[in-house]
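We name chains A, B, ... by the order of the sequence lines, and we start the count at 1 in each one. Side chains are part of it too, since the values below use all heavy atoms of this structure and drop only hydrogens, waters and symmetry mates.
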Amino acid sequence: MFSRLLGLMSADMAIDLGTANTLVYVKGRGIVLDEPSVVAIADVRGKKQVLAVGEEAKQMLGRTPGNIQAIRPLRDGVIADFEVAEEMIKHFIRKVHNRRGFASPMIIVCVPSGSTAVERRAIQESAESAGARKVLLIEEPMAAAIGAGLPVTEPSGSMVVDIGGGTTEVAVISLGGIVYSRSVRVGGDKMDEAIINYIRRSHNLLIGESSAERIKMDIGSAAPPYEGEDGPYREVKGRDLMNGVPREIVVSQRSISDSLLEPVTAIVEAVKVALENTPPELAADIVDKGIVLTGGGALLYRLDQVLRDATGLPVVVAEDALQCVALGTGRALEEMKRLRNVLTSMY
Amino acid sequence: MSSADEGSAATASRVGADLRAARERLEWSLPAIAAQLRIRLPFLEAIEDGRIRDLPGNAYAVGFVRTYAQALGLDPDEVARRFRTEAADINRKTELAFPAPVPERGVPAGAVVLLGVVLAVGAYVGWYHASGNDRPASEPVQPVPPRLMALAEAPAPPPALPTHVAAAVETPAPAPAPSVSPSSAAAAVPAPGIVITPAPAAPPASPLAASPSGVGPGALPAPDGTRIVLRARADAWLQVRDRQGSVLLNRVMRNGETWPVPTKGQLLLTTGNAGGTEVLVDGIVTASLGNDGAVRRDLPLDPDLIRDGKLALPLASGQAGAKPLPAAKQP
């Protein structure tokens, strides 16, 4: 009763605490915040202070002096730096909860389906110490499927592949529950890493994470261009490893698609393994309806085609692929009574 | 099928027709596209014909349209947006109804609680009725006799001599002269309500309740034919016994207490305070038994003897009417 009263006064929120981006959905208002999960910490006379969070902090990533650290507190979908993650959540809550109500909000946070109990507990505790009244967890593939608008409660199989920054979640969902799920720690970050490694190997040029991400977004492709083509080109700047001076080179889509072969293959393998473990009736449903891709990784050019060719199933990219998880978590918040089956708590 | 549905189907077929036109421009066959996109042929045909109902679900339908448009070289976002605006059904959110487990018992909890409350109330009402039959609902108050009604309504007489009080009980008007009528005497003696107290304004029913419970069991039910009543004007020890020696009364009577003497014949009265003891015969105060503090022993309680003043001392009889009240003040 009392908590319901508090709920009226506070803005309950759903948080997609992603490795790359954090999205905050506020009840009744929709997605109000979409910022990179980066925190810049300044060391002021031996005391650590938060300098910037989000987009501003991302600008500092890889460009900081000695007393400033730009940290990504999440790695592989789970919290790597507990204190910094807590500061970041606190900052985001304060940003969207501006003076509206003195009551602390209820928060739903999504966690990778493959995360361990310790990792889930870490996420829940950091959300609680960031000022949440109550914290509930939802598994990412379920949130992604709800956000993509899949009929998850029907007695028919739906397969969703959520390719996030740190993890790729493959799940078969039916009757409101996850029948099979598989989480591989391959995502956007691994693709950036692959690009960095490729450029270092083949061009002896060291580039930063942000540059690699930009290349991936611009000309990244899961499959090489058609015969005889190299696709579009992009310039990339970095430090030459041979003589140590900054240098600019030009890379083609074909070379980038070659470099992305490893992470893409890992994703394809994960999907294949999930299909192998799908019960036959649900597999029959998936043959008809196919696979839905969500998450930022789904926007990688021609990834759907690679998966289509590898599995022989229809593969579609969900609309608002980047926001699917946040939308699904938000819907769980809005329709909490009906969707309480998918919410869990570590306590 | 409502007209709105038909309208939406008709307009959705426009997007389908555009897709078909684009495909025919490229001279691609539908089965070839189905093989390339892995989307089943019936679904592609349904998209081209605008039959949204034949598509597996909203999210999938939009996804198929996007994929198909992309394969044809059209802008998938634009085609999907048109598809959404034209097919109203698509815009509806997927209904999520989780399968709820069937409750273990058929009766819902609310009905059980209601039934319990009804049963509890019914049981209480039943018990109340069953136990209420044994005892009367309320103690009936006896109606005031009509002859006392007139007394209750009359203005309270001023504090008067005990002789006046005795007379006031019988008639509303203060009658100093002792009027002895057989009818009034007979009516006055049997009823316990006639027991006289010094307070003239007291209601007729109160003396019984007000009198201390120390009155002996024999004293309370005044037997018919009682003509003598002993009354204490001051605290006095009284003893009444019969000739055989059995004691009927043996205690100190407080000021104002009365004791109707049973008609048993040959009773003897012994008083420790002759001045504080009055003997009423047929409701009329008789001559004083003696001085205050005087002890009189073995006085025969015979109505005729008392009325004739045989019990009174020759000395005391003259003072009886003159100063009874000052005597009462002495212990």
Okay, B:Gln36 and chain A: the region with an atom under 4.5 Å from a heavy atom over there is backbone
Side chain, backbone, both or neither: which part of B:Phe43 has a heavy atom under 4.5 Å from chain A? side chain
For [X], which atoms come within 4.5 Å of any heavy atom of chain B: side chain, backbone, both, or neither?
X: A:Val342; value: side chain
X: A:Thr311; value: neither
X: A:Leu175; value: both
X: A:Asp285; value: neither
X: A:Asp288; value: both

Distance-minimising heavy-atom pair for [X] and [Y]:
X: B:Thr67; Y: A:Val315; answer: OG1-O, 4.0 Å
X: B:Ala59; Y: A:Gly149; answer: CB-O, 3.5 Å
X: B:Arg38; Y: A:Pro314; answer: O-CD, 3.2 Å

Heavy-atom count check: over 12 atoms from other residues, nucleotides or ligands less than 6.0 Å from A:Tyr301 OH? no
Counting only heavy atoms from other residues, nucleotides and ligands, does the tally under 6.0 Å from CD of A:Glu281 exceed 12? no
Between A:Arg308 and B:Leu37, is the side-chain contact (heavy atoms from CB on, under 4.5 Å) condition met? List the steps. CA-CA 7 Å; A:Arg308 202 178 292 140; B:Leu37 297 181; 3.7 Å; yes
